[in-house]
Number of protein chains: 2
Amino acid sequence: MTEVLKSTRSLNVTEALRELLLQGEFDPGTRLQETWLAERMQVSRTPIREALRVLAKDGLLEYAPNRGYSVRHFSLDDIVSAFRVRSVLEGLGCRLIAERGMSDELTNTLQATLQTGENLLQSGQLERGEFDEWREMNKAFHLAILLETHNELLVRFAKQSRNIPIVFNGSFRWYSLREFHRAHDHHQVIFDAMKNQQPERADFMMQEHVMHAALILKKNYKD
Amino acid sequence: MTEVLKSTRSLNVTEALRELLLQGEFDPGTRLQETWLAERMQVSRTPIREALRVLAKDGLLEYAPNRGYSVRHFSLDDIVSAFRVRSVLEGLGCRLIAERGMSDELTNTLQATLQTGENLLQSGQLERGEFDEWREMNKAFHLAILLETHNELLVRFAKQSRNIPIVFNGSFRWYSLREFHRAHDHHQVIFDAMKNQQPERADFMMQEHVMHAALILKKNYKD
DNA sequence: ACCCGGCAAATTGTATACAATCTTTTCCTT
DNA sequence: AAGGAAAAGATTGTATACAATTTGCCGGGT
């Protein structure tokens, strides 16, 4: 009954390579040669080429005809700019939902993530081991809102705007307990605003929330 | 001295195919077979496949592993949703510029487009022949603002959000003279707001401007 | 030493052959 | 006739061969 997940080498290589790039496996500027990658990934050049083309379109690689692909460098400005874009996208998401009212399903989902956040904060210091749980919770919160908009392009762009090394995993390693609390407060206010159909407030708070993350990153990121 | 524009069959095919799709050359749902396209485009399947992959990532095609690509259908909702996303993106663009103040270069460029718009409106009825000029002017106005932000992701997303059949060429065929005047007024207010460093006003008016275009499309588009 | 042709090697671009998968048809069973 | 395995055909996926282009190197001329 369960639909079998079909895939191809090309798709697998694309995601594997994307992961490597997002984890910062390759230094910016590094030239990615097809034969070298093909050997490393144990496939022929064909799927490699398709993967490279896609990742270049995603902005992770730079491309020049007849000269191949190289790993893109993201300046701090690039990253903050991406956050600013994401802030208005996710802000719009909140606004749309606040305007039309939340579904019971979204209400439940978000309440669950808020409870998870609450528990994590109560449990003590939020040590390294709990980063992953927080990350999960945070991702679930933001994604649930986006999906509820039923605006495909909005979801696509918001996701894509996180497709940046460093940013991708959420930079929670720099968060102090106070910062986790602040993020949690933001989540609560955003939820409350959407629940009470306050589009302006929901939008504004989400922008505030996202740009605060950018601010923390800006303070700590050296390059 | 002039740099030679290098390209490849793959890139050429991608753009050619994109153009066909944006012009609505293929009915939604149509299956695009690689061999058929290869024959039509007079190239082998290799560049065709790379083009299809990219266009699928752009949202113009749908893809299923081992089953190939088909032309995507855009509902009216899809299109209006895309406009809404574009409105906040371009709105953000205006806001950013209003915050930091306009460069002389942008001021000149925008004033030139405003003058062109003025001339077109004065020249009479804006018949079919003048649609193209209006389109050019409009495109120049919006693009100049976007580029001035120096926010690469913003530019990319805003451009991509126009990559939809029907939308792409601007639906000026449905504009009455009054509607052209309204669009022109919007442009003027947006310019004025940015010039006087009124971020909120600039942002708001750009959103209004974009969503008004969506409204006109909504009124006239039947499908 | 510097500047350049120009040849050789390396790398990307394209076509094609082959493999895997999906689709359609055939034909047997009930 | 309905259903369904199984083979045949069509289509996509991958590997590889070849072509085009770029890059690195060598040597001659100034």
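Labels below follow one simple rule: chain letters A, B, ... track the order of the sequence lines, proteins then strands, and each chain is numbered from 1.
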Pairwise N/O distances under 3.5 Å, protein to nucleotides 5-7 of chain D:
none

Pair [X]-[Y], side-chain donor/acceptor within less than 3.5 Å:
{"X": "A:Glu50", "Y": "A:Thr14", "answer": "no"}
{"X": "B:Gln115", "Y": "B:Gln111", "answer": "no"}
{"X": "B:Ser81", "Y": "B:Arg84", "answer": "no"}
{"X": "A:Arg9", "Y": "A:Thr46", "answer": "no"}

* Asked: When we call it a touch if two heavy atoms are under 4.0 Å apart, what does A:Tyr63 touch: a base, just sugar-phosphate, or nothing?
  ->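 Counting heavy atoms under 4.0 Å across all strands, the contact made by A:Tyr63 is with sugar-phosphate only.
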* To do: Identify which one of B:Met211, B:Arg95, B:His142 satisfies the side chain to side chain contact (heavy atoms under 4.5 Å, CB included) criterion when paired with B:Met206.
  =>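 Of all the options given, the one that passes is B:His142.
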* Cationic tip of B:Arg31 above B:Tyr69 ring, under 6.0 Å, 45° of axis ->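 Pair B:Arg31/B:Tyr69 does not count as cation-pi.
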With distance as the sole test, does [X] use its side chain to make a donor-acceptor pair with the main-chain N or O of [Y] at under 3.5 Å?
{"X": "A:Asn12", "Y": "A:Thr8", "value": "yes"}
{"X": "A:Asn151", "Y": "A:Leu153", "value": "yes"}
{"X": "B:Asn108", "Y": "B:Asp104", "value": "yes"}
{"X": "A:Asp78", "Y": "A:Ser75", "value": "yes"}
{"X": "A:Thr30", "Y": "A:Phe26", "value": "no"}

* Near-ring test A:His184/A:His209, centroid separation under 6.0 angstrom ->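 Judged by ring-centre distance (under 6.0 Å), A:His209 and A:His184 do not meet the cut-off.
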* Which residues in residues 42-56 of chain B have at least one heavy atom lying under 4.0 Å from any atom of DNA chain D? ->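 Heavy-atom cutoff 4.0 Å gives B:Arg45, B:Arg49.
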* Among residues 33-40 of chain B, which contact DNA chain D at a heavy-atom distance under 4.0 Å? ->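 Within residues 33-40 of chain B, the residues near DNA chain D are B:Gln33, B:Glu34.
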* Sequence neighbours left out, what pairs pass ring pair (Phe, Tyr, Trp, His ring centres under 6.0 Å) with at least one residue falling in residues 147-166 of chain B? =>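 Output for this query lists A:Phe157-B:Phe157.
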* Quickly work out the B:Leu61 CG to D:dT12 P distance and round it to whole Å. =>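 Whole-Å distance recorded here is 12 Å.
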* Could you list by number each residue of residues 7-16 of chain B showing a heavy-atom separation from DNA chain C of less than 4.0 Å, or answer none if no residue does? =>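 Heavy-atom cutoff 4.0 Å gives B:Thr8, B:Arg9, B:Ser10.
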* Range on DNA chain C touched by chain A, heavy atoms, distance below 4.0 Å ->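 Reading along DNA chain C, I get C:dT11 to C:dC22.
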* Side-chain ion pair, B:Arg72 and A:Glu152, N-O less than 4.0 Å ->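 Counted as a salt bridge, because a side-chain N and a carboxylate O are separated by less than 4.0 Å.
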* Could you tell me whether A:Glu15 and A:Arg18 have a side-chain N and a carboxylate O separated by less than 4.0 Å? =>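 Yes.
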